[in-house]
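Worksheet: one structure, shown below.
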Amino acid sequence: MARCLIGCGSNQGRPLQHLAEALELLRAMPGLSVVAASRFRRTRPVGGPPGQEAFLNGAILVDTAFSPRELLGVLTAVENTLHRDRSERWGPRSIDLDLLLYEAAVLDEADLTVPHPRMATRRFVLEPCVEIAPDFIHPLAGCSLRDLLDDISRPHPHVAVVGVPGSGAREVAAAVADAVLARPLHAPACLPPLADDAATFERGWLAAVAECAAAIHADAWPDDPHGTVADFWLGTFLVAAEGRLPAADRAFRRLAAGTVTPHVAILLVADAAVLEERLAFRSRRPPPLTDMFSDLAGAATAVADAPPPTGGVGPLVALQERLRRRLLEPGRDAADRPRAVVVVSADDLGAALAEAVAAVDPPAGRAGGPHRLLHPRGIVLHDRRPAVGRRVGFVPTMGALHAGHASLVAAAATACDEVVVSIFVNPTQFAPHEDFDRYPRPRAADLDLLGRLGVHWAFAPTVEAVYPQGTEHRLAVAGPALPFEGAVRPGHFAGVATVVRRLFDLVPADAAYFGAKDWQQTLVVKGMVRECGIPIEIVVCPTVRDADGLALSSRNAYLSPDERRRAAALPAGLAAAAACWEAGAGVAAAEAALRRPLEAQGVACDYAAIVDPESLGPLADPRGPAIALVAGRLGSTRLIDNLGLPLRPRGISMAVEKSAVSMWHTGGG
């Protein structure tokens with residue numbers, strides 16, 4: 001009996017029912033025994049036509065007496081029984097059954113490739129496999145499935161697009177990097193011409209290996225969660241030297257020491273006739289007429305005298321075949337080879353690009369590349385990671401967590417499958433005279449609370465990780481960002497918008513959760529998201545208050561016992577303003593009621609205003625709706641708060657006073 005892994009998925013009709021029926025058909029099949037089945041995971045489609053429904057994906061571990069091809073026939077029969085539509089590649093499917101692994105078999109036939117060529121690059125395939133068979137060895141990668149899953153979860157994944165000159169590696173790599181928002185890395189040196197004499201080839205080979213090795217050395221590798229897509233693999237140079245340089249292996253090991261091995265290699269394979277056409281194209285359109293297939297410049301002279309029947313590309317075809325063997329041969333150079341290799345036809349570059357993007361498509365959330373919330377400061381609190389098709393909720397914080405933050409986590413957990421909380425005290429939103437250095441940072445207590453709340457990830461990046469280019473550049477803000485906090489704290493909201501924009505880049509989430517206490521901040525963030533076109537939902541949650549009504553805030557810890565007692569004047573003022581408003585008073589009277597408790601308790605008032613809740617400008621309609629905003633200081637501590645005021649009945653028709661927006665109150669600074 002052979003032990004095998006089968007991948008299963010469905011996104012058409014009733015996916016759960018289809019998967020259950022497929023599992024039952026396999027259980028009833030003579031010659032096949034189902035050992036285990038994973039949980040099903042909802043994932044977004046990868047590749048194929050737009051607008052498809054999400055998939056349910058899982059894995060099944062079986063023992064079977066069938067050969068690989070016989071087992072493929074069984075899976076096809078089950079798909080046909082459940083009316084699988086095969087008219088469109090990567091299209092909607094009632095059922096999709098893939099043979100992922102068959103013992104240690106390695107097969108590369110026209111309609112049967114084992115191991116499945118893409119399983120090693122896709123989290124939504126690996127996660128269910130690891131759930132039921134974590135120690136199953138992948139014969140090409142030479143490691144367990146658990147190790148493979150960890151491998152694609154490394155910080156800053158490295159994808160190499162591999163191919164001979166003329167395969168389109170440069171063009172495909174650049175397009176993939178752009179599609180998945182990764183760092184593009186162009187080869188600083190090309191293979192020396194393959195037809196040069198031995199001495200010239202050796203000099204060029206050594207120089208090229210040294211230059212390319214320096215570009216991917218671990219000492220210079222970025223320390224951030226984004227990925228790199230390079231248009232070369234260092235091992236290509238070693239393959240090119242086979243049979244030509246006797247000491248190539250030793251020289252290569254010396255030059256390649258300390259370099260970063262690609263996690264995934266995309267091998268572009270082109271037909272000889274296609275390579276010949278591209279060589280002719282390149283000779284007719286040299287620089288500066290085109291950049292296409294620029295890596296053929298050296299090959300043009302190198303292969304010009306190659307004998308038939310391969311035309312002028314015989315050496316390239318031979319090198320391409322050696323590359324394929326080196327990358328796909330089981331167990332060879334496992335330490336230096338990519339763990340996952342995806343072979344893509346390069347005869348049509350458009351189709352090759354689509355295949356390459358699908359191979360490394362990001363498994364989490366929205367747009368983005370191989371970055372998957374993988375920064376070294378991403379701390380796993382529970383053994384879960386954001387997975388494809390699972391809704392990810394994000395709670396950005398500056399730490400010093402309290403029940404208010406816990407309420408945001410609870411809201412995210414209710415609506416999302418995964419919850420991520422960032423802890424980052426952002427220097428760009430503090431003025432030089434403000435409390436950046438003394439802002440509370442109880443990291444251990446914060447992580448303990450998040451663990452107890454069931455948060456899956458805490459993201460605690462360094463300043464350098466959030467601002468790799470420095471903190472000088474900030475987003476421009478306008479509109480609701482200018483009055484109130486924007487006037488009292490110049491530059492504050494530019495810093496807020498900038499850091500939130502960066503965090504949204506680093507954390508691939510579907511929804512972000514903010515507290516209504518910082519109402520003006522929520523307006524700034526919503527505006528930034530609209531302006532930047534970020535596909536993320538902004539959810540504003542109610543303010544959480546203490547027993548005396550004071551809004552929970554990390555800065556409350558600064559208050560002395562006497563200041564803490566007097567701080568209750570802020571919610572008292574808001575309650576008084578709301579009572580006036582509901583009684584039909586005008587804006588000026590409600591603002592006066594808002595200020596009165598602050599004055600009585602000696603709270604220095606920065607502003608106390610009744611304004612439009614969206615523009616923060618004067619009310620266009622005296623009936624509202626409106627929002628009451630207040631900010632006050634007790635000693636060195638500054639607190640803000642707000643309260644929404646409802647739309648009043650049409651019977652109330654007060655005129656809007658000239659002092660509709662009393663932004664400043666001079667009773668204390």
Side-chain angles (χ1 to χ4, degrees), residues 4-64 66 71-101 111 116 118-119 121-133 358 361-366 384-393 412-419 456 510-511 535 537:
C4 310
L5 265 172
I6 297 167
C8 54
S10 173
N11 76 332
Q12 206 173 39
R14 298 178 178 177
L16 188 59
Q17 179 178 326
H18 293 321
L19 290 167
E21 289 174 349
L23 186 57
E24 287 308 306
L25 287 170
L26 290 175
R27 290 187 195 278
M29 189 70 61
L32 187 148
S33 173
V34 174
V35 178
S38 75
R39 291 171 296 135
F40 297 124
R41 291 158 169 80
R42 189 169 298 278
T43 69
R44 66 180 178 81
V46 176
Q52 292 190 67
E53 295 295 323
F55 271 85
L56 278 184
N57 279 309
I60 304 169
L61 185 66
V62 303
D63 287 335
T64 182
F66 295 124
L71 180 55
L72 179 64
V74 169
L75 300 183
T76 302
V78 172
E79 290 179 335
N80 292 339
T81 302
L82 298 177
H83 309 292
R84 160 79 184 265
D85 182 0
R86 304 178 190 277
S87 61
E88 186 170 15
R89 189 182 188 193
W90 295 332
R93 283 153 279 186
S94 58
I95 191 67
D96 184 19
L97 299 176
D98 290 315
L99 178 54
L100 303 177
L101 292 173
D111 56 349
H116 192 282
R118 287 181 177 77
M119 71 169 295
T121 68
R122 293 185 171 173
R123 183 184 300 279
F124 69 84
V125 178
L126 282 175
E127 280 189 336
C129 290
V130 169
E131 179 186 330
I132 58 175
D361 194 83
R366 55 183 181 84
R384 301 266 301 279
R385 293 187 177 95
V388 105
R390 293 176 67 81
R391 183 173 172 83
V392 178
T414 299
C416 302
D417 303 296
E418 316 279 356
V419 179
H456 307 110
D510 301 287
E537 179 187 0

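No experiment lies behind these values; they were computed from the predicted model shown. Positions are given from 1 along the sequence.
- Put simply, CG on N80 and OG1 on T76 are 6.5 Å apart, with the number rounded to the nearest 0.5 Å.
- Using a 4.5 Å heavy-atom cutoff, the side chains of L126 and M119 are in contact.
- The two atoms that bring L100 and V125 nearest to each other are CD1-CG1, 3.9 Å, heavy atoms only.
- Side-chain contact between I60 and C8: present, with at least one pair of heavy atoms (C-beta onward) separated by less than 4.5 Å.
- Side-chain atoms of E418 never come within 3.5 Å of backbone atoms of G393 as a donor-acceptor pair (strictly under, hydrogens ignored).
- Here the closest non-hydrogen pair linking L16 and L56 is N-CD1, 3.7 Å.
- The pair R41-E131 meets the salt-bridge criterion, since a charged nitrogen lies less than 4.0 angstrom from a carboxylate oxygen.
- At least one donor-acceptor pair under 3.5 Å links the side chain of N11 to the backbone N or O of R93.
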Margin query: Working note: D96 + R84, criterion side chain to side chain contact (heavy atoms under 4.5 Å, CB included); need CA distance, chi angles, decisive distance, verdict.
Written below: CA-CA 7 Å; D96 184 19; R84 160 79 184 265; 3.1 Å; yes
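- Between the CZ atom of F66 and the CG atom of L99 there is a distance of 12.5 Å, given to the nearest 0.5 Å.
- With contacts defined as side-chain heavy-atom distances shorter than 4.5 Å, the pair C416/V392 does not qualify.
- At a threshold of 4.0 Å, the pair R391-E537 counts as salt-bridged, since one of the basic side-chain nitrogens sits closer than that to a carboxylate oxygen.
- Between N57 and F40 the shortest side-chain heavy-atom distance does not fall below 4.5 Å.
- Of the possible polar contacts, none joining the H18 side chain to the L82 backbone as a donor-acceptor pair under 3.5 Å is found.
- Nearest heavy atoms, L71 versus C4: CD2-SG, 3.9 Å.
- S10 contributes no side-chain N or O that, together with a main-chain N or O of F55, makes up a donor-acceptor pair within less than 3.5 Å.
- Nearest heavy-atom pair, I132 versus L61, reported as atom, atom and distance to 0.1 Å: CD1-N, 3.6 Å.
- Evaluation of the side-chain contact (heavy atoms from CB on, under 4.5 Å) rule for R27 yields L23, E24, V34 as partners, not counting sequence neighbours.
- V62 pairs with exactly one of I6, V74, L5, V35 by the side-chain contact (heavy atoms from CB on, under 4.5 Å) rule, that one being I6.
- Here the shortest heavy-atom pairing between S38 and P128 reads OG-CB, 3.2 Å.
- Contact annotation: the side chain of I95 never approaches that of T81 to less than 4.5 Å [non-hydrogen atoms, C-beta and beyond].
- In terms of modelled atom types and a separation under 3.5 Å, the side chain of S94 and the main chain of Q12 share no donor-acceptor contact.
- Within the 4.5 Å cutoff, the side chain of L32 has no heavy atoms near those of the D63 side chain.
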